Protein chains: 2
Amino acid sequence: MNEYDKLKAHVQKRLSITEDELIEFCNAFKIVKVKKRQFIVQPEFVAKNRFYVVQGTFRAYVIGDEGQEHTIQFAISDWWISDYNSYIFQQPASMFIVALEDSVILQISHEAESALKQQRHVFETFFRILAEGTAAYMARRVITNLTKTAEQRYEIFLERYPDIVTKVPQYALASFLGMTTEYLSKLRNRRVSSKT
Amino acid sequence: MNEYDKLKAHVQKRLSITEDELIEFCNAFKIVKVKKRQFIVQPEFVAKNRFYVVQGTFRAYVIGDEGQEHTIQFAISDWWISDYNSYIFQQPASMFIVALEDSVILQISHEAESALKQQRHVFETFFRILAEGTAAYMARRVITNLTKTAEQRYEIFLERYPDIVTKVPQYALASFLGMTTEYLSKLRNRRVSSKT
DNA sequence: AACTGGATTAAGAAAAAAGGTTGAACCAGA
DNA sequence: TCTGGTTCAACCTTTTTTCTTAATCCAGTT
């Protein structure tokens, strides 16, 4: 199974599409290998691409006024990531997106994506589905962040994204869940000891 | 002494200018904080700004055909840096410029600089002086690189820029001087032991 | 043919940074 | 006055980065 097969499977799972269309779709993507700690999006620079993670782990974060890092999103294998405010409107980014380990991604440029969307109805549909998913996900995040306690947020995340928990460093997860790394460390210990 | 004072002093040292003009000049610059490893210029993107280093250390380098990094320039406190081929002609850059430590810079955009130059004779003069300095410096570099041995290049650098030597990692200095890091390591030891 | 200035390769040591834990003190809101 | 949480500081462990050393090689001199 090569890089494109994964993307194909991903697309097919979401809508009905012919083999030819799939190939056309994949041709718009470029395989890129990135090393751990390498940035694929940086503030000030326009995010020219949208990324599909074939292998590896990424973290998107912004830097607050006092220099604190706030993790906005993670992405592991089979996820999409970019600074959408930058990508969609082609404005300078405000995020960093960095590889947490050596990774392989498929990237599509903004122009290529626009072309696809115009070319065929299915492509338009696919990106719509993608956008709706992202919107819904972000909405859920906002809600959980406002309504749940730190511990609950951790629990929920743990249940929903067990794969991610094992792959990202704890400070990144803490800043994603909106708590300090010390507190997350304590939460974890509390759970472990209460289990045994 | 704030960020702008440093720039003011820098300008005043080079030409005679009124306080009002200085303020006008400084207003064209924006304070930016960058973290270690953050890029301020990247290949493919047009370098929109010229940077004055208030605090910190930067390294400009290109990647050769076999993936080797060649350091083109360093910049420490009170130095200017950019990819000038990109900045001056507003073409896509070929360099990376990266912070070697957490730093503070003042950046001016190409448009703002053009405006300044048109506005007043002194500003035009200042940027001319800057450009002449850079040109002369680059010419010296080319000459030393062609005419001196690796050891001499190191000696010359050591004498001329002792502050830089202590601040940049040795592999970066080696690639600046056009030798391997192993060889630079030997050179250093040779000197140390011959001194004692 | 032998010497010199330097590159290449590989292995290890040393230093620095990243990541994680712990405990004490504190603070804001129910 | 609890509870859920932060802040700060110290400390430990692990990983990464940087530097050093040594052996071997190589291309131009002499």
Side-chain angles (χ1 to χ4, degrees), chain A residues 34-39 57 59 61 63-71 74 96 98-102 144-157 164-194, chain B residues 35-38 56-57 59 61 64-71 74 98-103 144-158 164-194 196:
Chain A
V34 304
K35 293 271 203 156
K36 183 171 182 176
R37 277 198 199 111
Q38 194 181 320
F39 292 96
T57 316
R59 172 183 170 233
Y61 64 96
I63 302 226
D65 295 334
E66 278 83 39
Q68 344 81 300
E69 298 184 353
H70 298 283
T71 301
F74 291 116
F96 292 89
V98 69
L100 294 176
E101 61 180 320
D102 291 1
T144 351
N145 283 186
L146 288 175
T147 60
K148 306 292 181 180
T149 67
E151 179 156 21
Q152 290 173 318
R153 295 199 297 275
Y154 174 61
E155 296 287 349
I156 292 169
F157 190 89
I164 295 189
V165 179
T166 64
K167 298 199 91 182
V168 308
Q170 230 160 97
Y171 70 84
L173 180 54
S175 90
F176 179 89
L177 294 173
M179 65 184 83
T180 60
T181 115
E182 293 92 334
Y183 193 60
L184 177 53
S185 177
K186 281 168 200 167
L187 280 186
R188 286 194 130 161
N189 275 333
R190 204 189 290 170
R191 302 186 79 252
V192 170
S193 51
S194 75
Chain B
K35 292 271 200 160
K36 182 170 181 177
R37 283 212 189 96
Q38 195 180 326
T57 316
R59 171 180 170 236
Y61 64 95
D65 296 333
E66 278 85 36
Q68 345 80 302
E69 298 184 354
H70 298 282
T71 302
F74 291 115
V98 68
L100 294 177
E101 60 181 322
D102 290 1
S103 306
T144 347
N145 282 186
L146 289 174
T147 60
K148 306 292 183 181
T149 66
E151 179 157 21
Q152 289 173 319
R153 295 199 298 274
Y154 174 60
E155 296 285 349
I156 291 170
F157 190 88
L158 202 58
I164 294 188
V165 178
T166 64
K167 298 202 89 180
V168 306
Q170 231 160 93
Y171 69 81
L173 180 54
S175 90
F176 179 90
L177 294 173
M179 65 184 84
T180 60
T181 114
E182 293 90 336
Y183 193 60
L184 177 54
S185 177
K186 275 177 205 165
L187 282 185
R188 286 193 129 161
N189 275 333
R190 205 188 290 171
R191 302 185 79 253
V192 170
S193 52
S194 74
T196 48

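Remember, predicted model here, so these are calculated numbers, not experimental data. By convention in this document, chain letters (A, B, ...) are assigned in the order of the sequence lines, proteins followed by strands, and residues within each chain are numbered from 1.
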*Under 4.0 Å: is that the gap between some side-chain N or O of B:R37 and OP1 or OP2 of C:dA18?*
yes
*Would you check if the side chain of B:Q68 reaches a backbone N or O of B:E66 as a donor-acceptor pair within less than 3.5 Å?*
yes
*Nearest-Å distance, CG (B:L177) to C1' (C:dA7)?*
16 Å
*Can you check whether B:A172's main-chain N or O pairs, donor with acceptor, with B:R59's side chain at less than 3.5 Å?*
no
*Just checking A:Y171: base, sugar-phosphate only, or nothing, at a heavy-atom cut-off of under 4.0 Å?*
sugar-phosphate
*asked:* Between B:E101 and B:K167 (salt bridge meaning N to carboxylate O under 4.0 Å), is one present in this structure?
replied: yes
*asked:* Nearest whole Å is fine: how far is C:dG19 P from A:L184 CG?
replied: 14 Å
*asked:* What's the closest nucleotide to the side chain of B:K186 if the choices are D:dG5, D:dA23, D:dT20?
replied: D:dA23
*Would you say B:Q170 reaches D:dT17's phosphate, i.e. side-chain N/O to OP1/OP2 under 4.0 Å?*
no
*Taking only side-chain nitrogens and oxygens of B:T180, does any of them come within less than 4.0 Å of OP1 or OP2 of C:dA7?*
yes
*On the 0 to 90° scale, with breaks at 30° and 60°, tag the A:F96-A:Y61 ring pair as parallel, tilted or perpendicular.*
parallel
*Which nucleotide in the set C:dG6, D:dA23, D:dA9 lies at the smallest distance from any side-chain heavy atom of A:E182?*
D:dA9
*Would you kindly compare A:K36 and A:A150 by the position of their nearest DNA chain D nucleotide and give the one closer to the 5′ end?*
A:A150
*To the nearest Å, give me how far apart CD (B:E69) and P (D:dT17) are.*
12 Å
*Shortest non-hydrogen contact from B:G56 to B:S103?*
CA-OG, 3.3 Å
*Establish, with yes or no, whether the OP1 or OP2 oxygen of C:dT22 is under 4.0 angstrom from a side-chain nitrogen or oxygen of A:N189.*
yes
*Which residue lies more 5' along DNA chain C, comparing B:R153 with A:V168 via nearest heavy atoms*: B:R153
*Expressed in angstrom and rounded to an integer, what is the separation of A:L173 atom CG from C:dG19 atom C1'?*
13 Å
*Figure out the NZ/P separation between A:K35 and D:dT16, and round it to whole Å.*
11 Å
*In whole angstroms, how far is the P atom of C:dT4 from the CE atom of B:M179?*
19 Å
*Over how many whole Å does the gap from A:E66 atom CD to D:dC8 atom P extend?*
12 Å
*asked:* At 4.0 Å (heavy atoms only), tell me whether B:T181 reaches a base, stays on the sugar-phosphate, or touches nothing.
replied: base
_Output the rounded distance in Å from CZ (B:R188) to C1' (D:dT21)._
16 Å
*Ignoring backbone atoms, establish whether A:Y183 has a side-chain N or O less than 4.0 Å from OP1 or OP2 of D:dG5.*
yes
